[in-house]
Structure formats: C-alpha cells, structure tokens
Amino acid sequence: MSIIKPFRCIRPREDLAGQIAALPYDVYNRQEAKQAVAKNPLSFLNIDRAETQFDDSVDMYADCVYQKAHDLLWNMVKEGQFITDPDKAYYIYRLTMNGRSQTGITACASIDDYQNNWIKKHENTRADKEEDRIRHVDICDAQTGPIFLAYRSNSTINAVVEQKMKEEPLYDFTAEDGVVHTVWKVKEELQVQAIEQAFAQIDSIYIADGHHRAASAVKTGLKRREAHPDYTGEEEFNYFLSVLFPDDQLMIMDYNRVVKDLNGYSKKEFLEKISEKFGIEEQKEAYKPEKKGTLGMCLGEQWYKLTAKPEVTSSDPVAGLDVSILQKEILTPILGITDPKTDQRIDFVGGIRGLSELERRARTDMAMAFSMYPTSIEELFAVADAKLLMPPKSTWFEPKLRSGLFIHSLEEEEHD
C-alpha cells in the first residue's frame, strides 16, 4: 500500500500565482536564471536559485545562498504574498499544453515508501546534485519543487477529480510559455478519504521526473529523524511534496542526441558500419520516428531513417529501449562514446525543441543528430518494476510542473 496524504499547503495569493510560479530550478543555467528573475522579481526562481541575488563572484553553493533562499521564502509568507491553508487538503493540478491536458493530485508521499521501493525509481542520482537540494530543503525548512510521480489510472481517484473540476478553480492562469495551470482544492472529508484510501490500494507508484529532488527530500527527512530519535513517523519531515498523475494522461517526448564527429570515419565508411545493424533509407525532409525500433539521423544536409534489424532488438526492459539500441550499436562501438554522462562529444536535446534544433546543431557545432522515438510510460514502468535503470536522458516530460505553487513546510510551527 502507498501512503499519499493531504497536507497544509503554503501557496501563492490567488492574484499572484501566475507571477510567482516558475519552471523547475534545473532547467536554467546561472545566467538564464538571473535574466528570468530580473524580468519578474516575484518569480519563485528567486528562492529556488537564490544565487541570482548575488554577484557572480559568489559561489552558487555558498552558505549565504541557501540562507538567502530561506529568508526570501519566509519573508514572502510573512508579507502575505504566500498564504498558509489552515486545513490539510489535496490539490488537483491540471496542466494544459497545446490543447492537451494532464491532471494530477498534489499531495505528500512517504519517505518510507521510497525507502521500501513502493515508490519506484528508474534513474541513478548524482551525489553533488543531491547535496545542493538537501541543503536547500533543510535550510528553507520546506519542500518547494514537487516530485513528478505516476501511477496506474484508478477509477475512484478519477471520479473525485472529475467531480471537483466542475467547481470554480483556486488558480487558473496561462504561463509565458503558453501552458495553462489550473488548481482546485479538495478539502471535503469524504473526497479526501476517498483519495487517501484509493492510493492505499495502489501497490506501485513511480518517479516519472525529479529523481534528485526525491532523493534529496528523503535524505533530508532521514537527517531530521537522526536529530529527533523520538520521532513518531507523523512529523512533516517524514513526507515529501509530490504531484501524482495517472499513466493514461502522461506524454513522454523524445530525448534526442547530437554528436560532435564521426570518430575518424568518412561519411561513406560510417554509413557502411551502421548498415550492418540498421536498414538505411534516405529521407527528403527531417525525419521523426513513427514507431519503436526506428531512428532518424541527420548527417550534414541529409536525413536518414534507420530501422533496427531483428537481431539487435531485445525483449529486455532496458536493452530493448531505442536509446539503449542506439548506445549499444552505434554510439559505443562505432563512435567511441562509452559513457554518455561524461563524454564531451555528445549532447542531448529535449523533444520540445523540435527537429529544427537537431538540424541546426548537426550543421553548426556538431556533425550529426539522432531523432528518437519516445520512450513510453509502459516501458518506464517495466524498467522500474524490474528494479533496473534506464540509460541517461531516456525520457523528456512536458509540460513541466511549476515550482512555488505548492510548498510543504517540514515543521508545524510558524517561522520568524
């Protein structure tokens, strides 16, 4: 069973929600973050990336940066730009992009469920990235960026969501990127109980996006447990902020690759090498794969469709992924890229950027680009169920959850 509980939410004042809500901290570099907060002084990015409040000479991981994040957050609460709901509730969060919607439940998940693998992972995390968010959560005394979780669709939860969405929303605004964000509060006792009991019957929940935020939230909770050996398990630090989406509403976009050179091969030699494992067809225009087992390749001015031969496909949850086939049959043996996480000759381009960005990169700073067929949510579940890990950069989720719309305080008492 899964513990998915309602919580006392700290959230923006209704008239400020659209200005405060911000894209996740990790979609920006330092300069982009500075530009974003200069345009919008209320943006939650001020808190998520508090180094924007300092000169570039200040280390973005300095103690003063995390303290600044704490001070900014709780000053906004004190000044009334954020309000604290008096009751524990769930929040329905709908994101609409290009006319397509996905609707999740904002709630708190259990660090014990994460530890016991009721909440399943499909990626490794890096200690340095974890440490940054551990310090941010611990010093802010709050979780500010929700973890994106997925579960197999449930009729009881769907019914409550459908009923609640007929009511007037708490928030309804369109962000700069055109994504519409709509929120409803679920506080009625019967509806709260129905959601909580339905989740208790769901045996597996999956991290879709936000592995580092999840790991950091859990480690912060474990750190608090060490500091409070008499903890009961009910304290807020035993739970982490999440938005949970049914699997049938999620869209995973392609996560594409660009490579700097042909590893010493001529174009003719390279095509001959890959023809051993793939069928190759020239394309008259940019090619977006239409089914699993096919790749697009932009080499100079020419696009190709690559079709994996039967002997390179696999029923294994990881080896059978298209990103794994590309890595195993082309990137490693032919192009010499054995570790895509560290090799400077490869870069990754989210599908939201489109094929035109792949063409631009392949014809400017890179030699070629590969367009991928998106990993499916079923493939993600299969990898996590098998307790395996996906290759790096296997999934790109859109739209992105906004930070600052929902905040989960780790302590019940008021802050100064």
Side-chain angles (χ1 to χ4, degrees), residues 2-12 17 20-26 44-45 47-48 69-70 73-74 76-77 82-85 87-95 103-115 118-119 121 125 130 132-151 170-171 181 183-187 192 195-196 199 205-224 233-245 397 400-412 415:
S2 302
I3 300 172
I4 302 296
K5 72 185 200 80
F7 69 110
R8 285 180 70 216
C9 186
I10 299 170
R11 57 183 180 82
I20 290 174
L23 285 166
Y25 74 97
D26 52 359
F44 198 77
L45 204 55
I47 295 163
D48 249 355
H70 169 279
L73 170 61
W74 295 107
M76 289 181 78
V77 173
F82 282 100
I83 59 176
T84 303
D85 278 343
D87 45 358
K88 291 191 174 184
Y90 292 111
Y91 296 82
I92 294 170
Y93 182 16
R94 185 179 71 195
L95 300 95
T103 305
I105 303 282
T106 307
C108 281
S110 163
I111 68 173
D112 289 318
D113 286 351
Y114 178 98
Q115 292 281 90
W118 288 103
I119 296 174
K121 308 91 180 164
T125 54
E130 280 184 26
D132 167 48
R133 287 299 106 176
I134 289 170
R135 293 179 70 193
H136 191 276
V137 171
D138 200 26
I139 293 171
C140 283
D141 219 11
Q143 297 150 355
T144 59
I147 288 83
F148 186 156
L149 302 179
Y151 62 95
L170 202 60
Y171 304 131
H181 301 265
V183 174
W184 294 262
K185 182 178 178 180
V186 183
K187 62 180 180 180
V192 168
I195 292 173
E196 195 161 13
F199 275 119
I205 289 174
Y206 303 82
I207 299 178
D209 203 10
H211 281 78
H212 285 92
R213 285 194 294 277
S216 301
V218 170
K219 289 183 178 178
T220 303
L222 296 175
K223 182 179 174 184
R224 297 281 175 111
E234 294 302 313
E235 298 87 356
E236 292 303 320
F237 58 72
N238 294 288
Y239 300 90
F240 59 90
L241 182 65
S242 308
V243 185
L244 301 99
F245 291 92
F397 284 91
K400 303 291 185 191
L401 307 183
R402 283 336 194 241
S403 294
L405 267 184
F406 313 99
I407 295 170
H408 174 228
S409 175
L410 297 190
E411 302 291 346
E412 290 289 357
H415 284 255

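What's counted below: heavy atoms across the whole structure, side chains too, no hydrogens, waters or symmetry copies.
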What residues, two or more places apart in sequence or in another chain, satisfy salt bridge (charged side-chain N to carboxylate O under 4.0 Å, His left out) together with Lys5?
Glu236
Looking at every non-hydrogen atom in both residues, tell me the closest pair between Phe237 and Ile111 and how far apart they are.
O-CD1, 4.1 Å
Under the side-chain hydrogen bond (donor to acceptor under 3.5 Å, both in side chains) test, which residues partner Tyr239, sequence neighbours left out?
none
Arg402: salt bridge (charged side-chain N to carboxylate O under 4.0 Å, His left out) partners, not counting sequence neighbours:
Asp177
Residues which pass ring pair (Phe, Tyr, Trp, His ring centres under 6.0 Å) with His408, listed by chain and number, not counting sequence neighbours
Phe7
On the 0 to 90° scale, with breaks at 30° and 60°, tag the Tyr91-Phe406 ring pair as parallel, tilted or perpendicular.
tilted
Once side-chain contact (heavy atoms from CB on, under 4.5 Å) is applied, do any residues pair with Ala17, and if so which ones, sequence neighbours excluded?
Pro12, Tyr171, Phe173, Leu405
Shortest non-hydrogen separation from Cys140 to Leu73 and the atoms involved
O-CD2, 4.2 Å
Any carboxylate oxygen within less than 4.0 angstrom of a Lys/Arg side-chain nitrogen, looking at Lys400 and Asp209?
yes
Sequence neighbours excluded, which residues qualify as side-chain contact (heavy atoms from CB on, under 4.5 Å) partners of Asp113?
Ser2, Ile3, Ser110, Trp118, Ile119
Could you tell me which residues satisfy side-chain hydrogen bond (donor to acceptor under 3.5 Å, both in side chains) with Lys219, sequence neighbours excluded, listed by chain and number?
Glu130
Residues that Asp112 engages under salt bridge (charged side-chain N to carboxylate O under 4.0 Å, His left out), provided they are two or more places apart
Arg225
Applying side-chain contact (heavy atoms from CB on, under 4.5 Å), name anything that partners Val137, two or more places apart in sequence or on another chain.
Gln143, Thr220, Leu410
Is there a side-chain contact between Pro6 and Lys187 (heavy atoms, below 4.5 Å)?
no
Run the side-chain contact (heavy atoms from CB on, under 4.5 Å) test against Gln115 and tell me which residues pass, sequence neighbours left out.
Val218, Leu222
Which residues share a ring pair (Phe, Tyr, Trp, His ring centres under 6.0 Å) with Phe82, sequence neighbours left out:
none
The salt bridge (charged side-chain N to carboxylate O under 4.0 Å, His left out) partners of Asp138 (sequence neighbours excluded) come to Lys223, Arg224
Pair Arg133 + Asp48, salt bridge at N-O below 4.0 Å:
yes
